[in-house]
Amino acid sequence: MNKNNKLIRYFAPALLACSLAGGVQAESRSWTFTENNNKVIEAQKNGGDPSKPGDVTIDFFGHMAFRITSPDGLKIMIDPWRNDPSGYWGVWFPEEFPEVPVDLVLSTHAHFDHDAVYRPHAIQVLERLSGEYKLGDVKVTGLADKHMCASKGWYKWTEADEEFGQDFCAKENFLHMDNYIQVIETGGIKIAHWGDNRPIPADHVEDVLKTVDVLIMNIDGSQHILSYEDVDTALERYQPKVVIPGHYYTKGASSVLTTLSSADEWVDAQPNVDKLESSRLVLNPDKIKDMNEQVMYFGMNHTKE
């Protein structure tokens with residue numbers, strides 16, 4: 001039996017159960033949306049300059065889901081989450097991801113807690129973007145690399161590779177162990193969203209990350225994706241002005257069944273910390289120009305729009 005058939009056979013009972021219970025709803029429903037692409041047409045026609053300084057809004061939706069709004073009002077959602085449709089990994093999210101309207105939705109990789117691209121009302125969907133995309137005052141660069149394949153935290157979830165008949169760390173890995181870091185340039189700020197990338201990316205990825213202003217990274221007490229040492233080493237290499245923790249347990253958005261912890265422990269050990277009082281953060285070049293690895297922590301604040 002080849003690996004593909006083995007994997008299908010492994011997941012088949014759970015998939016069938018979810019289907020019978022009405023739990024598998026990953027199909028596109030875009031044809032039902034009342035939104036239109038008028039704003040996209042205007043942005044395409046009028047253009048824009050991603051390097052022009054302006055206010056950039058970052059909204060946190062829990063886990064690793066962030067919405068970035070450009071100075072001209074273009075909205076980009078990154079990594080909306082859902083529960084595992086196979087049922088194998090249990091219930092991570094007590095509610096479905098909110099159906100918020102956005103102009104663009106991005107997904108860093110093909111894991112359930114990052115790929116609910118059908119939930120936001122997105123005018124455009126770019127799953128696992130590699131290369132460059134530009135619209136209006138927004139430029140997105142997707143950096144193709146690899147997912148973390150050997151967990152270092154207490155929960156060794158990557159040891160499931162043997163059960164799946166896969167080698168997560170092999171160069172010939174299945175697609176779900178690939179990752180695409182997304183770099184958003186707008187308002188004169190460059191923001192990198194880590195996805196679930198391995199600690200030390202390929203050289204071509206490293207070169208871009210050394211130029212970012214804001215780095216959204218996986219930081220949680222269980223060290224599910226990155227260890228504290230991984231995070232600290234990365235920050236020393238890239239030296240971003242702002243660090244935003246993500247992929248941690250967010251009460252109300254995520255369940256304790258994720259096995260994740262909060263980012264409190266790591267955050268409390270940092271010298272420069274701003275514990276935010278809401279799920280919204282507004283940045284601009286003037287505000288961050290003198291910052292050095294300033295931690296902006298949403299904590300349990302998350303939007304339910």
Side-chain angles (χ1 to χ4, degrees), residues 35 37-80 98 100-106 108 120-124 126 129 132-142 181-194 208-209 211-217 238-246 250 267 272-305:
E35 291 80 9
N37 69 348
N38 293 345
K39 188 165 65 173
V40 170
I41 291 173
E42 289 301 310
Q44 181 176 256
K45 180 175 69 175
N46 298 329
D49 183 3
S51 66
K52 181 181 178 180
D55 284 348
V56 178
T57 302
I58 302 175
D59 292 297
F60 182 49
F61 283 75
H63 199 59
M64 202 61 166
F66 293 84
R67 181 181 62 200
I68 297 170
T69 305
S70 77
D72 287 349
L74 290 175
K75 299 181 186 300
I76 305 99
M77 181 72 75
I78 310 175
D79 281 7
V100 293
V102 295
D103 299 294
L104 179 66
V105 63
L106 303 168
T108 58
H121 286 203
I123 304 304
Q124 301 166 92
L126 294 176
L129 172 69
E132 294 184 356
Y133 170 90
K134 187 177 182 300
L135 178 69
D137 65 339
V138 172
K139 177 182 176 182
V140 184
T141 303
I181 293 173
Q182 300 297 307
V183 180
I184 316 297
E185 296 178 60
T186 190
I189 297 174
K190 186 180 288 189
I191 304 167
H193 185 290
W194 193 261
V208 176
L209 292 176
T211 68
V212 303
D213 301 301
V214 180
L215 186 55
I216 299 173
M217 292 200 82
Y238 310 136
Q239 298 184 359
K241 291 180 172 63
V242 175
V243 184
I244 299 177
T250 316
V267 168
N272 304 312
V273 175
D274 186 358
K275 293 187 177 181
L276 304 173
E277 296 182 356
S278 77
S279 60
R280 172 163 292 182
L281 171 64
V282 179
L283 301 176
N284 58 55
D286 282 342
K287 182 175 181 178
I288 68 173
K289 65 180 180 180
D290 296 324
M291 293 182 180
N292 179 29
E293 296 179 21
Q294 175 72 42
V295 177
M296 302 282 195
Y297 183 37
F298 286 102
M300 297 299 129
N301 298 306
H302 64 281
T303 183
K304 294 184 177 182
E305 289 180 35

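Being a predicted model, the structure only gives us computed values, none of them experimental. Along the sequence shown, the residues carry numbers beginning at 1.
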Quick one: does [X]'s side chain have a donor or acceptor within less than 3.5 Å of a partner on [Y]'s backbone?
{"X": "D79", "Y": "T108", "answer": "yes"}
{"X": "Q182", "Y": "L129", "answer": "yes"}
{"X": "D137", "Y": "D72", "answer": "yes"}
{"X": "K39", "Y": "G73", "answer": "yes"}
{"X": "K134", "Y": "G47", "answer": "no"}

Are any non-hydrogen side-chain atoms of [X] and [Y] less than 4.5 angstrom apart?
{"X": "F60", "Y": "I216", "result": "no"}
{"X": "V214", "Y": "P240", "result": "no"}
{"X": "I189", "Y": "L283", "result": "yes"}
{"X": "Q294", "Y": "I288", "result": "no"}
{"X": "F61", "Y": "P98", "result": "yes"}

task = Answer yes when D103 and K75 have at least one side-chain N-carboxylate O distance shorter than 4.0 Å, and no when they do not.
result =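 No.
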
query = Is the shortest side-chain N to carboxylate O distance from E42 to K45 below 4.0 Å?
reply =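 Yes, E42 and K45 are salt-bridged.
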
Considering all heavy atoms of both residues, which atom of [X] and which atom of [Y] are nearest to each other, and what is their separation?
{"X": "G187", "Y": "V56", "answer": "CA-CG2, 3.8 Å"}
{"X": "P245", "Y": "M296", "answer": "CD-O, 3.4 Å"}
{"X": "E293", "Y": "Q239", "answer": "OE2-CA, 4.0 Å"}
{"X": "K241", "Y": "K289", "answer": "CE-O, 3.6 Å"}
{"X": "L276", "Y": "N301", "answer": "O-ND2, 2.9 Å"}
{"X": "L74", "Y": "L135", "answer": "CD1-O, 3.4 Å"}

Once you round to the nearest 0.5 Å, how far does [atom1] of [X] lie from [atom2] of [Y]?
{"X": "I78", "Y": "I191", "atom1": "CD1", "atom2": "CD1", "result": "7.5 Å"}
{"X": "T186", "Y": "D49", "atom1": "OG1", "atom2": "CG", "result": "9.0 Å"}
{"X": "L281", "Y": "K287", "atom1": "CG", "atom2": "NZ", "result": "5.5 Å"}
{"X": "M64", "Y": "M217", "atom1": "CE", "atom2": "CE", "result": "8.0 Å"}
{"X": "T141", "Y": "K139", "atom1": "OG1", "atom2": "NZ", "result": "4.5 Å"}
{"X": "M77", "Y": "H121", "atom1": "CE", "atom2": "NE2", "result": "11.0 Å"}

query = For the residue pair H193 and F66, does the interplanar ring angle fall in the parallel (under 30°), tilted (30 to 60°) or perpendicular (over 60°) class?
reply =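 Perpendicular.
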
ask   = What do the steps show when you test W194 against L209 for side-chain contact (heavy atoms from CB on, under 4.5 Å), and what is the final call?
value = CA-CA 10 Å; W194 193 261; L209 292 176; 3.7 Å; yes

task = With side-chain contact (heavy atoms from CB on, under 4.5 Å) as the test, would you mind laying out the steps for R280 and T303 before giving the verdict?
result = CA-CA 8 Å; R280 172 163 292 182; T303 183; over 6 Å; no

task = Using a cut-off of 6.0 Å, state whether more than 12 heavy atoms not belonging to E305 lie near its atom CD.
result =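 Counting neighbours around CD of E305, more than 12 heavy atoms of other residues, nucleotides or ligands fall under 6.0 Å, so yes.
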
